[in-house]
Amino acid sequence: MVKRKKILLSACLAGVNCTYNGKNKLNPYLKRLFDERSAVLFCPEKLGGFDVPHPPSEILFGDGMDVLKGNAVVVSRTGKNVTVLFMEGAKRSMRLAKKLGIKKAVMKARSPSCGCGMIYDGLFKGRLKKGFGVTAALLKKNGIEVITDEEYLRNNKLQITNAK
Ligand code: SF4
């Protein structure tokens, strides 16, 4: 029997209440991937040691690639430098992907951990800039294909609606 390759999926997209405010971003189409055992759920912020809920964070002075190089930081809205927790979550996520032989991740758009292509600009004003979240950057750097939930749904002609 040929084993289907699994993907990593941001846990909030499958309905896990792990977002900073204790909610989720459930999309039933993406949850189905988990239900069908095609996806492994992960939450880099939980893996990094954040409690839920916690203040929201954004990347200042660059994106996740810059954080990996030590040229940018992740700060919480309360002004705390939370870079260490984000780095820990990224490393643990990478170890998980390696252990399971995973080559692709579908990740929540715009998150400072999971965002791929666009993230919030670090000023907590709802504005976006180009770049990757910290975990998305580390996975990508290690050859794992990272795409957002929105790209996945668009590519598969499915509906882009997340729980609020
Ligand atoms: Fe966790 Fe990523 Fe979802 Fe944030 S976007 S709650 S880090 S899985």
Side-chain angles (χ1 to χ4, degrees), residues 6-35 38-60 63-65 67-68 72-78 80-100 102 104-122 124 126-142 144-154 160-164:
K6 291 204 185 203
I7 60 164
L8 278 184
L9 177 67
S10 294
C12 55
L13 296 169
V16 178
N17 292 329
C18 54
T19 62
Y20 74 90
N21 57 3
K23 295 186 178 170
N24 64 69
K25 295 286 178 183
L26 174 66
N27 182 293
Y29 296 109
L30 294 170
K31 184 175 182 295
R32 200 180 299 158
L33 293 174
F34 172 64
D35 294 339
S38 302
V40 174
L41 303 185
F42 80 129
C43 173
E45 289 174 25
K46 284 290 287 173
L47 288 172
F50 276 100
D51 291 328
V52 175
H54 60 87
S57 314
E58 294 191 7
I59 302 176
L60 203 52
D63 78 332
M65 294 288 182
V67 173
L68 299 181
V73 290
V74 194
V75 289
S76 73
R77 192 157 61 193
T78 52
K80 205 170 154 196
N81 184 335
V82 288
T83 309
V84 170
L85 296 178
F86 272 76
M87 283 299 295
E88 184 62 22
K91 285 183 206 158
R92 287 187 180 209
S93 301
M94 187 59 230
R95 280 205 289 275
L96 178 68
K98 216 171 180 176
K99 191 173 156 198
L100 300 175
I102 282 174
K104 181 172 179 169
V106 177
M107 302 174 75
K108 178 72 192 81
R110 298 176 287 281
S111 150
S113 290
C114 293
C116 313
M118 297 299 280
I119 54 170
Y120 288 107
D121 74 354
F124 298 94
R127 288 191 302 242
L128 296 172
K129 63 184 174 188
K130 283 189 181 164
F132 290 81
V134 181
T135 294
L138 188 62
L139 295 179
K140 187 174 166 62
K141 220 177 139 206
N142 282 277
I144 294 176
E145 182 191 356
V146 292
I147 64 166
T148 66
D149 52 327
E150 294 171 359
E151 273 175 277
Y152 180 88
L153 294 167
R154 250 195 317 271
I160 303 175
T161 46
N162 295 119
K164 295 282 175 236

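Values in this document were obtained by computation on a predicted structure and should not be read as measured data. One-based numbering, in listed order, for ligands and for the atoms of each.
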With a 4.5 Å cut-off on side-chain heavy atoms, are [Y] and [X] touching?
X: L139; Y: M107; answer: yes
X: L33; Y: Y152; answer: yes
X: F86; Y: S113; answer: yes

What protein heavy atom sits nearest [atom], and how far away is it?
atom: atom 5 (S) of ligand 1; value: K108 CB, 3.5 Å
atom: atom 2 (Fe) of ligand 1; value: C114 SG, 2.4 Å
atom: atom 6 (S) of ligand 1; value: C18 O, 3.4 Å
atom: atom 3 (Fe) of ligand 1; value: C12 SG, 2.3 Å

### Message
Taking 4.0 angstrom as the limit and counting only heavy atoms of P44, give me the atoms of ligand 1 inside it, by number and element.
### Response
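Listed by number with element, the hits are 2 (Fe), 7 (S), 8 (S).
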
### Query
By number and element, which atoms of ligand 1 are closer than 4.0 Å to a non-hydrogen atom of A11?
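Answer for ligand 1: 8 (S).
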
### Message
Given 3.5 Å as the limit, does a donor-acceptor pair link the side chain of E45 with the main chain of F50, or not?
### Response
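No: the side chain of E45 does not pair with the backbone of F50.
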
### Message
Could you go through S76 and T78, starting from their C-alpha distance and side-chain angles, then the distance that decides it, and tell me whether this counts as side-chain hydrogen bond (donor to acceptor under 3.5 Å, both in side chains)?
### Response
CA-CA 5 Å; S76 73; T78 52; 2.7 Å; yes

### Message
Looking at E150 and R110, is any side-chain nitrogen of the basic one under 4.0 Å from a carboxylate oxygen of the acidic one?
### Response
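Salt bridge: yes.
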
### Query
Touching ligand 1 at all, F42? Heavy atoms, strictly under 4.0 Å?
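Under 4.0 Å: yes for F42.
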
### Query
For atom 1 (Fe) of ligand 1, which of C43, P112, A136 has the closest heavy atom?
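Nearest heavy atom to atom 1 (Fe) of ligand 1 lies in C43.
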
